[in-house]
*Asks:* 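Questions regarding the structure given below will be posed in turn.
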Amino acid sequence: MEKAHSNHNANQLNDAQYRAVHHRGGPLLVLAGAGSGKTRVITERIGALVERDVPEDAITAVTFTNKAAREMRERLEKRLGEDKVKRLRICTFHALGLMIIREHAKLVGRRARMSIFAVPEQKSAMRSVLADLKLPSDSDNVERILQKVSMLKSGMSEAQDNAITVIADKYDTLLQKMNAVDFDDCIVLPLRILNEDADARGLWQSRCRHFLVDEYQDSSRMQYDFVRLLTPGNANLTVVGDDDQSIYGWRGAEIKNLFQLERDYPSLEVIKLEENYRSTGSILQGSNSLIAHNSERLGKTLRSNLGLGKKIRVWEAETSDEEAERVVAEIRGQRAGNSLKWDDFCILYRSSFKARAFEMALRDADVPYHVSGGMSFFDRAEIQDLLAYLKLVGNFSDDLALMRAISRPRRGIGSKALEVLGQFAHEKGSSLLEAALEDDFQHPKAGVLRAFGKMLVDIEHIFLHGEADDAFDTLLEASGLEEAIRKEAEDEDEAERRMGNVMSLRKWWLRHSENGGDLSSFLQHVYLAADDKDDDPQGQVRLMTVHAAKGLEFSHVFVVGMEAGSFPHKNALEENRLEEERRLMYVAMTRARHRLTLSYAKSQKKFGQVEKMGPSPFLKEIDEDVLNWVDKDSGSEEDKQESKAEVDAHMAAMREMLGLN
């Protein structure tokens, strides 16, 4: 075998990586620790398969976010070239599911040009179902019932409540009538197709002759069943995952899927990637000692090639406000003293409410920051309005899209007119748009509705047969959307900003069209991208929950709010999920490259009362040899010197704020 080297440059693999990349065939589990180069391994493996003359159409790779799929594709384009990569299937589980549904739509009562319902459309559909059943359809009940239906559909709960089963059946029937699917359907319906149709199953098994799964620890039971149907026996399945980073049990991820592999694939080979290229030795030693307290793990020990580095600091503050001020002062001091950038720093917390004190402290110190999880591009009103038109052009059966589109801009069509139209559509067995185009539909607003329908038919023709830019621009003008956006804006700046968002969507559509995509596949891309909520601000301190930080890394990381009852969260303890909380803490620690600080407050205000807090039990599980309890009298001379350096850094930050530097 070719000699691998320990350094990690672009052309070399370490021994374990080399064995994973050049595994000859059969099932393979790559147990990849944090920062061990797992994305590189999976992309290199795909590249090696193509170079071994495996047909590109026989290779399918799935992951859990569009961002990860995009990065994988970009890496492979550099190695293999754009033409070959176009023939590979690299996508999310849900995107693969949609491909299967579209190709075999008739098997699940759909037509290929279907709509994909995101959360707002799901809520509207459920509200309609509950109203028909004479059940409360307020926002809280709609959300609660949708969650229960989702858990039932995705196999996370049993059908114990007959009322929920009835609602779920009516909801699914409504989606089928509107030729639509929701997020759960993207897994549920392909499973039905693959289970029930041998021809479809054989076709997709041939397309997945080499099947690779990234972030496998995040897979649900249904996704595992999906994998089993596509890769029967001892097929060429490669899964890359980390049992120590399985943190999504609350949304269906099952860590036992990793353990199940050895039972279902008897010839499974396991390769561990334990050499970490991200973090210093102290951070990894502390992380290893913490996660070793978990019993539900396959076991590995990360080692660093970056040296021991500085110890992990533990800070104790009197209050949450003092904790926030201390963290912000440290960020200012480190940046001033070490020529660092704001985006080298990240503040992580277990629960979102912890962010408030840190936001206030950052604002007071005039530090630029970004809280992950703000308003998505796709949540903006002008984008939602435009997407409603595009969905309706792509699928005349999408009644929810029609109800939004026809009111943007207002055309004098009220709820009464839509109610009459809905009754007429029900009698005809058609969609609202199809009913509006019927000559025998009688209503004072029939002419307006019919004109609206004919406009969409004309626009559909341009999207199918005309130029991509002409289709988009005609829709924008004929619908009256552009005029409405400009009229409703408070000033010219707002109008330009909102139209800038519209033009961004236009640019995306044109690029998609140039690559051979149609409106249906474009809307699929939009739907899946909207679910990612991906944001990557530059030049700002990042604030985020630990769940949101998975897959990211920063030079300096502060894990704050390390109080008992906060981290691990008391609800998780009550639900016997301590091991998942510990994995979450492990993920938080391994985001840090050079400097890791853990902090907690001794008290906090709750409902006007001061509540005493104790330190998280996780702090006692970390190897003492790599901890520096900065606020304790005990400690080595080295630790005391470090504490003095911290004070000096704070003074530097104060001088900078006062303009004395």
Side-chain angles (χ1 to χ4, degrees), residues 66-67 115-124 139 359 368-395 398 400-414 448 451-452 455-456 458-460 462-463 466-514 517 519-540:
N66 284 291
K67 181 182 179 184
S115 293
I116 309 161
F117 280 5
V119 173
E121 292 87 1
Q122 288 176 263
K123 286 181 178 179
S124 295
S139 294
E359 283 196 73
Y369 70 91
H370 175 83
V371 181
S372 291
M375 179 179 277
S376 162
F377 171 80
F378 301 98
D379 292 334
R380 300 184 187 281
E382 60 273 16
I383 298 302
Q384 286 287 316
D385 293 340
L386 186 49
L387 288 175
Y389 277 94
L390 290 170
K391 289 174 185 176
L392 196 51
V393 170
N395 174 19
D398 193 335
L400 294 180
L402 179 137
M403 287 189 283
R404 178 158 190 142
I406 205 159
S407 65
R408 300 289 301 140
R410 297 191 181 281
R411 293 178 169 80
I413 305 294
V448 178
F452 179 77
M455 174 192 74
L456 289 166
D458 291 342
I459 292 171
E460 180 205 29
I462 304 173
F463 268 95
E467 296 297 325
D469 55 350
D470 186 35
F472 194 99
D473 294 343
T474 300
L475 170 58
L476 205 55
E477 183 180 353
S479 65
L481 270 179
E482 180 172 2
E483 185 181 357
I485 289 169
R486 295 194 181 280
K487 275 185 178 178
E488 292 169 8
E490 290 186 4
D491 52 39
E492 188 61 30
D493 286 345
E494 184 188 343
E496 290 307 311
R497 177 178 53 77
R498 295 182 66 188
M499 281 307 300
N501 292 332
V502 169
M503 289 301 108
S504 293
L505 192 68
R506 179 184 188 273
K507 184 178 178 182
W508 190 11
W509 155 246
L510 293 180
R511 190 165 63 243
H512 182 82
S513 179
E514 286 166 8
L519 180 58
S520 183
S521 59
F522 173 69
L523 290 169
Q524 174 181 319
H525 279 292
V526 169
Y527 166 78
L528 293 169
D531 184 68
D532 267 2
K533 304 287 186 188
D534 178 34
D535 53 4
D536 186 20
Q538 301 293 313
Q540 301 174 72

*Asks:* With the side chain counted from C-beta on, respond yes when L390 and F522 share a heavy-atom pair under 4.5 Å apart, and no when they do not.
*Replies:*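 Side-chain contact under 4.5 Å: yes.
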*Asks:* Taking side chain as C-beta onward, heavy atoms only, is E121 less than 4.5 Å from I116?
*Replies:*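 Contact flag for E121/I116 side chains = no.
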*Asks:* Any side-chain to backbone donor/acceptor pair from H370 onto Q540? Under 3.5 Å, distance only.
*Replies:*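 Answer holds: no.
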*Asks:* Of the non-hydrogen atoms in A405 and R411, which two are nearest, and what is the gap between them?
*Replies:*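 The answer is O-NH1, 3.4 Å.
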*Asks:* Hey, could you give me the CD/CE distance between E482 and M499, rounded to the nearest 0.5 Å?
*Replies:*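 It is 4.0 Å, given to the nearest 0.5 Å.
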*Asks:* For a quick test of reading the model, state the closest non-hydrogen atom pair linking I462 to D470 and the distance between them.
*Replies:*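 Closest approach of I462 to D470: CG2-OD2, 3.9 Å.
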*Asks:* Counting only heavy atoms not in E477, do more than 12 sit closer than 6.0 Å to its CD atom?
*Replies:*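 Not buried by this count: 12 neighbours or fewer within 6.0 Å.
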*Asks:* Apply side chain to side chain contact (heavy atoms under 4.5 Å, CB included) to residues L505 and L387 and explain how you reach the verdict.
*Replies:* CA-CA 9 Å; L505 192 68; L387 288 175; 4.1 Å; yes
*Asks:* Could you list the residues that satisfy salt bridge (Lys or Arg N to Asp or Glu O under 4.0 Å) with R408, not counting sequence neighbours?
*Replies:*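 Residues passing salt bridge (Lys or Arg N to Asp or Glu O under 4.0 Å) with R408: D385, E488.
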*Asks:* Ignoring hydrogens, what is the shortest heavy-atom contact between A468 and S513? Give both atom names and the distance.
*Replies:*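 Where A468 meets S513 most closely, the heavy atoms are CB-OG, 3.2 Å.
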*Asks:* Of all the heavy-atom pairs spanning S521 and H512, show the shortest one and how long it is.
*Replies:*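 Nearest pair, atom of S521 first, then H512: OG-NE2, 2.8 Å.
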*Asks:* Going by heavy atoms in the side chains, are K123 and V119 under 4.5 Å from each other?
*Replies:*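 K123 vs V119: side chains touch.
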*Asks:* Begin with the C-alpha distance, continue with both residues' side-chain angles, and end with the deciding distance and a verdict on ring pair (Phe, Tyr, Trp, His ring centres under 6.0 Å) for W509 and F463.
*Replies:* CA-CA 11 Å; W509 155 246; F463 268 95; 5.4 Å; yes
*Asks:* Taking C-beta and beyond as the side chain, do F117 and D398 meet within less than 4.5 Å on heavy atoms?
*Replies:*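 When only atoms from C-beta onward are counted, D398 and F117 do touch, with a gap below 4.5 Å.
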*Asks:* So how far is it from I406 CD1 to Y389 OH, rounded to the nearest 0.5 Å?
*Replies:*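 Result: 8.0 Å between the selected atoms.
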*Asks:* Can you sort out the partners of E483 under salt bridge (Lys or Arg N to Asp or Glu O under 4.0 Å), two or more places apart, ordered by chain and number?
*Replies:*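 With neighbours one apart ignored, the set is K487.
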*Asks:* Taking C-beta and beyond as the side chain, do L519 and L523 meet within less than 4.5 Å on heavy atoms?
*Replies:*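 A side-chain contact exists here, since the closest heavy-atom pair is under 4.5 Å.
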*Asks:* Walk me through whether N395 and K391 qualify under side chain to side chain contact (heavy atoms under 4.5 Å, CB included).
*Replies:* CA-CA 6 Å; N395 174 19; K391 289 174 185 176; over 6 Å; no
*Asks:* Do E467 and D473 come within less than 4.5 Å of each other through their side chains, counting heavy atoms only?
*Replies:*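 The answer is no, as the side chains (C-beta and beyond) never meet within the 4.5 Å cut-off.
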*Asks:* Run the salt-bridge test on R486 and E494 with the 4.0 Å N-O cut-off and return the result as yes or no.
*Replies:*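 No, R486 and E494 are not salt-bridged.
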*Asks:* Does any non-hydrogen side-chain atom of L481 lie less than 4.5 Å from one of L475?
*Replies:*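 No; the side chains remain at least 4.5 Å from each other.
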*Asks:* Could you report the tightest heavy-atom contact between A381 and R404, atom names first, then the distance?
*Replies:*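 In terms of heavy atoms, the two residues are closest at O-NH2, 3.6 Å.
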*Asks:* What closest approach, in Å, do A495 and I485 show between heavy atoms, and which atom pair accounts for it?
*Replies:*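 Of all heavy-atom pairs spanning A495 and I485, the closest is O-CG2, 4.5 Å.
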*Asks:* For the backbone of E496 and the side chain of R498, can you confirm whether one donor and one acceptor N or O come within less than 3.5 Å of each other?
*Replies:*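 Side chain of R498 to backbone of E496, a donor-acceptor pair under 3.5 Å: no, none is there.
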*Asks:* Please walk me through it: do L400 and M403 pass side chain to side chain contact (heavy atoms under 4.5 Å, CB included)?
*Replies:* CA-CA 5 Å; L400 294 180; M403 287 189 283; 3.5 Å; yes
